[in-house]
Amino acid sequence: MTGRVRRAMVMAAGKGTRMRPLTDTMPKPLVPFGGKPLIDHVLDRLEEAGIEEAVVNVHHFADMLEAHLAARKSPRIVISDERAELLDTGGGTKKALPLLGEEPILTFNSDSVWAEELGSNLAELIAAWDPERMDALLMIAEAARTIGYVGRGDFNMDAAGLLSRRGPSTTAPFMFAGVQIVKPALFADGPAGPFSTNLVWDRLIEKARLFGHRMTGTWMHVGAPDDLAEAEAFLRDL
């Protein structure tokens, strides 16, 4: 299962502006959730899925985050340093390309947490990955089963798993759950400096190469202190 995806990129460089005042004194990935820092939830999931190495980008309170990560033995941690300039998800991945290699990788937002049902969502995502048909496979949550801000949703998905954007004045039933498998070479053509992964996704939608895999369980979007409190209350009630 895990032979095809051995490396991950953890998005941990953002300033966490919406999470203030907690992020006035620490990076968002170190904000406690359910008794441990958000980034440890991510790294534990990656370890369980057999991921051998995680490239973690750092910017906000970078020294504090690096010191925390230094104690981690599995997966092996490699730092992508964005102290000089915050590059957003696409630019950050492009900067890390020399560390990521050429094989498909997982990218994982450091604030993406969920309550599993049966099985492992990461294992199922990896099993569903088909590089012949797909250039990226996004873990997708049902907006109706999401805790935290969902807005009007992100994507529509057809029976084959192909993704399309919602229209500007419409709603969509699915949310990007912060995790994807993607071919890293796609980021090499991105512009210099900061850019969003949305740029890559829009190119893939045009080519019918962007797919989604529906997760099970409840996804928790913990972008702000109120979201964090709601998600922790949900976990306590389980």
**Student:** Where do Ile147 and Asp227 land on the side chain to side chain contact (heavy atoms under 4.5 Å, CB included) test, with the steps shown first?
**Tutor:** CA-CA 7 Å; Ile147 289 175; Asp227 299 334; over 6 Å; no
**Student:** Strictly by modelled atom types, are Glu117 and Thr216 linked by a side-chain donor-acceptor pair under 3.5 Å?
**Tutor:**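 On atom types as modelled, these side chains do not qualify, holding no pair under 3.5 Å.
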**Student:** Answer whether the closest heavy-atom distance between the side chains of Val5 and Ile105 falls below 4.5 Å.
**Tutor:** no
**Student:** Does the distance from a Lys or Arg side-chain N to an Asp or Glu carboxylate O, for Asp154 and Arg166, drop under 4.0 Å?
**Tutor:**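 No, no charged N to carboxylate O under 4.0 Å.
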**Student:** Answer yes or no: is there an ion pair linking Arg83 with Glu66, defined by an N-O contact shorter than 4.0 Å?
**Tutor:**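 Yes, charged N to carboxylate O under 4.0 Å.
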**Student:** Would the number of heavy atoms belonging to other residues, nucleotides or ligands and lying under 6.0 Å from CG of Asp44 be above 12?
**Tutor:** yes
**Student:** Any salt bridge between Lys95 and Asp88, counting N to O under 4.0 Å?
**Tutor:** no
**Student:** Indicate yes or no: at least one non-hydrogen side-chain atom of Val182 is less than 4.5 angstrom from one of Pro104.
**Tutor:** no
**Student:** Would you say that Leu43 contacts Leu69 through its side chain, given a criterion of any heavy-atom pair below 4.5 Å between the two side chains?
**Tutor:** yes
**Student:** May I have the step-by-step check of side chain to side chain contact (heavy atoms under 4.5 Å, CB included) for Phe108 and Met9, ending in yes or no?
**Tutor:** CA-CA 6 Å; Phe108 205 135; Met9 169 96 189; over 6 Å; no
**Student:** Take atom NZ in Lys15; do more than 12 heavy atoms of anything else shown fall under 6.0 Å from it?
**Tutor:** no
**Student:** Is there a salt bridge (charged side-chain N to carboxylate O under 4.0 Å, His left out) between Arg209 and Glu132? Walk through the geometry before answering.
**Tutor:** CA-CA 10 Å; Arg209 300 281 295 180; Glu132 299 300 316; over 6 Å; no
**Student:** Is the shortest heavy-atom distance from the side chain of Thr23 to the side chain of Thr17 under 4.5 Å?
**Tutor:** no
**Student:** With a 4.5 Å cut-off on side-chain heavy atoms, are Leu138 and Trp201 touching?
**Tutor:** yes
**Student:** Assess, by modelled atom type and distance only, whether the side chains of Trp219 and Glu142 contain a donor and an acceptor separated by less than 3.5 Å.
**Tutor:** no
**Student:** Distance to the ring centre below 6.0 angstrom and angle to the axis at most 45 degrees; does that hold for Arg133 and Phe211?
**Tutor:** yes
**Student:** Tell me, with the steps shown, if Arg165 and Asp202 meet salt bridge (charged side-chain N to carboxylate O under 4.0 Å, His left out).
**Tutor:** CA-CA 9 Å; Arg165 297 279 189 188; Asp202 287 341; 2.9 Å; yes
**Student:** So which of Lys183, Arg203, Lys207 actually passes side-chain hydrogen bond (donor to acceptor under 3.5 Å, both in side chains) with Asp135?
**Tutor:**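 Answer to the side-chain hydrogen bond (donor to acceptor under 3.5 Å, both in side chains) test with Asp135 among Lys183, Arg203, Lys207: Lys183.
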**Student:** Quick one: do the His213 and Asn121 side chains pair a donor with an acceptor below 3.5 Å?
**Tutor:** no
**Student:** Does the distance from a Lys or Arg side-chain N to an Asp or Glu carboxylate O, for Glu102 and Arg7, drop under 4.0 Å?
**Tutor:** no
**Student:** On the ring face of Trp114, is Arg45 found with NZ or CZ under 6.0 Å from the centre and within 45° of the axis?
**Tutor:** yes
**Student:** If you measure from the Lys or Arg side-chain nitrogens to the Asp or Glu carboxylate oxygens, is any gap between Asp24 and Arg20 under 4.0 Å?
**Tutor:**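 Between Arg20 and Asp24 there is a salt bridge, with a charged N closer than 4.0 Å to a carboxylate O.
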**Student:** Before giving the answer on salt bridge (charged side-chain N to carboxylate O under 4.0 Å, His left out), spell out for Glu52 and Arg76 the whole-Å C-alpha distance, their side-chain angles and the decisive distance to 0.1 Å.
**Tutor:** CA-CA 6 Å; Glu52 297 167 8; Arg76 183 169 59 252; 5.1 Å; no
